[in-house]
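Report on the structure given below.
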Amino acid sequence: MEPNINDYQDYDIIRWFEEVAENASFIQTQTLRRIIELNFNTEYLKKWLGDIKVQDIDSNALEALYTSSVPLVSHADLEPYIQRIADGDSSPILTQEPITLLSLSSGTTEGRQKYVPFTRHSAQTTLQIFRVYPTTAGGRILEFIYSSKQFKTKGGLTAGTATTHYYASEEFKIKQKKTKTFTCSPKEVISGGDYKQSTYCHLLLGLVFCDEVEFITSTFAYSIVQAFTAFEEIWKDICKDIKEGTLSSRITIPSMRKAVTELLSPNPSLASRIEKKCRELEALDWFSVIPKLWPNAKYVYSIMTGSMQPYLRKLRHYAGNLPIVSADYGSTESWIGVNVDPSAPPEDVTFAVIPTFSYFEFIPLHRQNQDSSSAIDDFIEAEPLPLSQLKVGQEYEVVLTTFTGLYRYRLGDVVEVAGFYKGTPKLNFICRRKLILTVNIDKNTEKDLQVVVERSSQLLGKTRAELVDFTSHADIAKQPGHYIIYWEIKGEVDEGVLGECCREMDASFVDHGYVVSRRTNSIGPLELCIVERGTFKKILDHFVGNGAALSQFKTPRCTSNQVLLRILNVCTIKRFLSTAYG
Ligand code: AMP
């Protein structure tokens, strides 16, 4: 029988992990068996597996039967089933046990939010992750976490983001009790529903407890960067509140006001200590603000890979010499892997798959024949493989079979196998699979765009300006179509430098389809639009206004959403056209 995490004490967690990693392949087969044993009587599995007697089939045969009979699906294929659950059909559709919670995946990578079944199991696997990173008992965590509003579906199920369910769950409380490390903010701050007010209170209480704070964290690094960007503007008000034991009138939500006020009392000496440091920090453009204000913090912990990588430079600026630890790899659908080498820089981080979380398959992806124009995206696929058969250096799309009713579900993430930890693969996160920029035969992924932007924005290094955020759009409204890249910049830059950045981006897309199309002018010159300060905040506000949670927010790197394009175009203050191809 595979090791059960509940049989282990906390201090044994590493031993548990070593055992499951050693026997990853066997445990995967057992995990699949367990999922089928729990759910073979559901409408969905019966449709594909028929009336099977699970107890009469050995585990390897069951795995073979499952992977040959159940089709690979995307979220759209499961939507009719999930919709029936949301509408109140409580028959066993996807899971034997009734689904009582639905999660909204952040959707900012795909453009719209998706419902995903969520159960206590989902919250428990998240808890396991936290146990891997114990802290010194008795401290505090400054956590930039935010719930969105939970609401009821037509059928009476509670819906909200996965992080929202998690912060409201027993598991979140258990995690704090077990690690004896408590978040600085009460639940009224986390679930306040207004991220600006919550950020203010997170920072305020983080400073009230500054000597106890052991580490600073958020789900995705974006939240930490946005919090400290806000801090640059609001620190004086925060100092005033600490000095007087009052709460700024900008906090208007009654429950948040009450909960935070109860934790405050006048502390003029702390306030003047912080104020003095802030004045010095302001002159240094807030370099190293985190260790300066939280002297006992040991590290900053957050997801810094994938679409968070563009915020790394700013995060390092705020963290100074404090170690930054790249957090694990997971999704609303399932948690996937852990960073077993926390001291590695985020650029080199890999995630060891935890074989008990779900049953994982991997679709090998091969780069397309470069001249092909018929492909819907950049890759051709081979047959899905189990975790034990993966090859180092190969790229794959992740496929999940979860305890929560997703069967052979394409997650849409592209990963590369960097190596193995005992028997389990270590994955590099590459990008979302969905092709983002395409006008005709050109195909550029989120990662391609990221590399191009990173490269050309280095030209800003010679100035005092920095890139705050970016997105893109493939404009096909006029012929020839062309790429538009939107940049928000902090600081002044010469127009000549921006023109050069624009040219550099156009010249840096190496996709053969793009290069050929640019040479023949079947794709027009790349356009760089500089948007005014605060534009990406407006985009964040738009998503949050539509129910997204800041904790899971990811700036869409390519958009054809009309509302976003309107915001971007209205806020554009300068335009440049590339001269790269003459
Ligand atoms: P959500 O839609 O909020 O559930 O976000 C899940 C998605 O975020 C995953 O499918 C990945 O695309 C991305 N993600 C999660 N963890 C990481 C990570 N450690 N590195 C890069 N991307 C990640």
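What's counted below: heavy atoms across the whole structure, side chains too, no hydrogens, waters or symmetry copies. Each ligand, and each atom within it, is numbered from 1 in the order the structure gives.
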Using the benzene-type ring in the case of Trp, are the ring centres of [X] and [Y] under 6.0 Å apart?
X: Phe429; Y: Phe351; answer: no
X: Phe17; Y: Tyr421; answer: yes
X: Phe231; Y: Tyr318; answer: no
X: Phe144; Y: Phe228; answer: yes

Please indicate whether any nitrogen or oxygen in Asp328 is less than 3.5 Å from any nitrogen or oxygen in ligand 1. yes

Judging by distance only, is a nitrogen or oxygen of Asp413 under 3.5 angstrom from one on ligand 1? yes

Any atom of ligand 1 sitting under 4.0 Å from a heavy atom of Gly330? yes

Look at ligand 1 and say whether Lys554 reaches it with a heavy atom at a distance under 4.0 Å. yes

Could you list the atoms of ligand 1 found under 4.0 angstrom from a heavy atom of [X]?
X: Arg432; value: 10 (O), 12 (O)
X: Gln552; value: 1 (P), 3 (O), 4 (O)
X: Gly306; value: 21 (C)
X: Ser331; value: 4 (O), 6 (C), 10 (O)

Just to be sure I read this right, does ligand 1 sit under 4.0 Å from the backbone of [X], its side chain, both, or neither, counting only heavy atoms?
X: Phe220; answer: side chain
X: Ile303; answer: side chain
X: Thr305; answer: both

Is it the case that the side chains of Ser358 and Thr402 hold a donor-acceptor pair, with the cut-off being a distance below 3.5 Å and no angle test? no

Of Phe429, Tyr329, Phe553, the residue with the heavy atom nearest atom 22 (N) of ligand 1 is Phe429

Look at the side chain of Gln28 and the backbone N and O of Phe360, then say whether any donor-acceptor pair between them is shorter than 3.5 Å. yes

Any donor-acceptor pair under 3.5 Å linking the side chain of Asn39 with the backbone of Gln96? yes

Geometric class of the Phe553/Tyr222 ring pair [parallel <30°, tilted 30-60°, perpendicular >60°]: tilted

